[in-house]
Amino acid sequence: LSPERMNAMAMVDEVLMDVICPAGIGVSKIGYECFVDPNLREVAVPNPMDPNTPAMDPMGNPIMQPNIVRESYFWKRVPPKMFLFPPDFIGSDFDDASWVGFKYTLSKAMAMSTFELTEEQVKTGASIDLNKDLLASDTTRADAQATVNEKVAFHEIWYRAADVDPMVGDPQIIRQLVLMEGSETPLIHRDSKYQEVQDGKVVAGMKGFPIHVFSLRYVSDQAIPQSDCSASRDQVDELSRGRTQMIDQRDRAVPITLIDLQRLPKASQDKILKGEVQELIPVDGMDGQNPPAVALQRGQWPRENFSFNDIIGRDIGETWALGANQQGMDTDTRRTATELSLMQGGTDTRMGKEQARFLRQFGVGCQKVLALIQMFATEKDWARVADPNGQMILQQWDKTSIAGEYSITLAPDSSQRVDAVAEKKRAMDIYNVFSADPLTNQQELRKMTWRKLGYDANRLVLQPQPKPPEKPQINMS
């Protein structure tokens, strides 16, 4: 999951924006891909019992080592508008759906290489419309659309074989179907390469679909819940309308002066119309009670309109659970520390529920990734692991080292922002409480405290020293 491998954090950042702002869900695909060099010759895998002979499969054929030059595990975002799912599905766990899929595009050259298509076959394929199939629609994308027209669109569907094939008994068996836009002949129709099936049932590999969906909430009988921005759309529209009315009022309320053309000479009229700053306008016989020019009274914007603007802003903050205090902004209302603590506690409770749901979904995705590693990690690799003493060491591993089923559980506070000052204070509080506890391992407690403070515990914590021999006691009588 690290940035050097799958870079799952980039995917999380992207799908979180989809979940919160436009779509209400975040769609991703988990998979494995490898690249082979046709110029390299496949070699037989040696028999571990007799290295001079090749290993054999159950059919008696030699097991060949694939000529793989590069392989990778990926977890990437899928644009929500390209996500496909059954229209009658009303759940929140898309692994329970009958099928899921998505649309994607490839360049014509890549499509010919991937699916072994001819140039004539690729010409029959259709491209996507950027303004129709992407969330960020922009009618000015003429140049980008011209580039997309050089690509071919595909539909990739993953479905449960038992739902359409009466000869399949295990509902966990997944099949893959790939169709090219504009063609009715499937390019791929096979059992999932991410599963191992024996005797009609799944014995290893990924459980569920490779297409993994995130969401923060569930709305009854709706597979796609409202996003935060969608939930506040009505208030935002009202706010936008109110701001527009205020701007229109400001444009209409510019100063206007009425002048008496019969009493003002032409030169004075020209100076008023010209409107230069600090202009001197001569007038014959100025009458303060009846001036030759008067300002036209402007309409005043009622105070309740500004109050309406404030009310809408508070409604949006309540919908998002992000008021001015949560955003770190100053407010006119002064509150006590207790009030602010209670407000922040309520916000944390609501957001904590959404964070826990997202973490559970992320953990399920991690289990799918681990299942792929257990299937395809045939080459020896090195990884940093913790030894029994908690020290990070390099250890060699492959898929045989991690065989079995695993359950991934994420710590409840693993999604919280790390506050270095709070972490140090918490470490010192723990040390002060347990430093005199006879049942606590004092050496490990000290190591943990030094690590939290940012220092090398191995250099600062001394090994327990044996007790020195007791001094002889001399008694005189």
Nearest-0.5 Å distance that lies between atom [atom1] in [X] and atom [atom2] in [Y]:
{"X": "Asp456", "Y": "Lys447", "atom1": "CG", "atom2": "NZ", "answer": "10.0 Å"}
{"X": "Lys81", "Y": "Asp18", "atom1": "NZ", "atom2": "CG", "answer": "12.5 Å"}
{"X": "Lys368", "Y": "Met206", "atom1": "NZ", "atom2": "CE", "answer": "6.5 Å"}
{"X": "His189", "Y": "Ile157", "atom1": "NE2", "atom2": "CD1", "answer": "10.5 Å"}
{"X": "Met11", "Y": "Met9", "atom1": "CE", "atom2": "CE", "answer": "8.5 Å"}
{"X": "Leu16", "Y": "Leu216", "atom1": "CG", "atom2": "CG", "answer": "7.0 Å"}

Beyond-backbone contact of [X] with [Y], side-chain heavy atoms, under 4.5 angstrom:
{"X": "Val197", "Y": "Asp191", "answer": "no"}
{"X": "Asp165", "Y": "Tyr159", "answer": "no"}
{"X": "Ile20", "Y": "Ser227", "answer": "no"}
{"X": "Ile430", "Y": "Leu445", "answer": "yes"}
{"X": "Ile211", "Y": "Phe102", "answer": "yes"}
{"X": "Gln176", "Y": "Glu156", "answer": "yes"}

Say whether, by atom type as modelled, one donor and one acceptor occur between the side chain of [X] and the main chain of [Y] under 3.5 angstrom.
{"X": "Asp170", "Y": "Val202", "value": "yes"}
{"X": "Arg77", "Y": "Val15", "value": "no"}
{"X": "Gln195", "Y": "Ile174", "value": "yes"}
{"X": "Ser240", "Y": "Val236", "value": "no"}
{"X": "Ser215", "Y": "Ile25", "value": "no"}
{"X": "Tyr194", "Y": "Ala371", "value": "no"}

Got a sec: does the CZ of Arg459 have more than 12 other heavy atoms crowding it under 6.0 Å?
no
Flag if over 12 foreign heavy atoms under 6.0 Å of CE, Met448
yes
Step by step, work out the side chain to side chain contact (heavy atoms under 4.5 Å, CB included) result for Lys424 and Met428.
CA-CA 6 Å; Lys424 291 179 180 179; Met428 291 302 302; 5.7 Å; no
Parallel, tilted or perpendicular for [X] and [Y], by the 30°/60° rule?
{"X": "Phe214", "Y": "Phe358", "value": "parallel"}
{"X": "Phe83", "Y": "Phe85", "value": "parallel"}
{"X": "His212", "Y": "Trp75", "value": "perpendicular"}

Can a salt bridge be assigned to the pair Arg217 and Asp228 using a cut-off of 4.0 Å between side-chain N and carboxylate O?
yes
Arg241 bridged to Asp237 by N-O distance under 4.0 Å
no
Closest heavy-atom contact between [X] and [Y]?
{"X": "Arg451", "Y": "Ala457", "value": "CG-CB, 4.0 Å"}
{"X": "Pro86", "Y": "Ser98", "value": "CG-N, 4.4 Å"}
{"X": "Lys193", "Y": "Tyr32", "value": "NZ-O, 3.8 Å"}
{"X": "Leu179", "Y": "Pro186", "value": "CD2-CA, 3.5 Å"}
{"X": "Gln226", "Y": "Ser230", "value": "NE2-O, 3.8 Å"}
{"X": "Pro22", "Y": "Met17", "value": "CD-O, 3.0 Å"}

Do Glu33 and Ser72 pass the side chain to side chain contact (heavy atoms under 4.5 Å, CB included) test, and can you show the C-alpha distance, the side-chain angles, and the key distance before you say yes or no?
CA-CA 6 Å; Glu33 58 186 357; Ser72 65; 3.3 Å; yes
Please list every donor-acceptor pair under 3.5 Å in which a side-chain atom of residues 218-225 meets a protein atom from a residue at least two apart or in another chain.
{"from": "Tyr218", "atom 1": "OH", "to": "Ile90", "atom 2": "O", "distance (Å)": "2.8"}
{"from": "Tyr218", "atom 1": "OH", "to": "Asp221", "atom 2": "N", "distance (Å)": "2.9"}

Close aromatic pair by centroid cut-off 6.0 Å: Phe209 and Phe94:
no
Checking side chain to side chain contact (heavy atoms under 4.5 Å, CB included) for the pair Phe115/Leu106: CA distance, chi angles, key distance, verdict?
CA-CA 11 Å; Phe115 299 106; Leu106 293 175; 3.9 Å; yes
Test side chain to side chain contact (heavy atoms under 4.5 Å, CB included) applied to Trp99 and Leu84, step by step
CA-CA 9 Å; Trp99 60 270; Leu84 307 172; 3.8 Å; yes
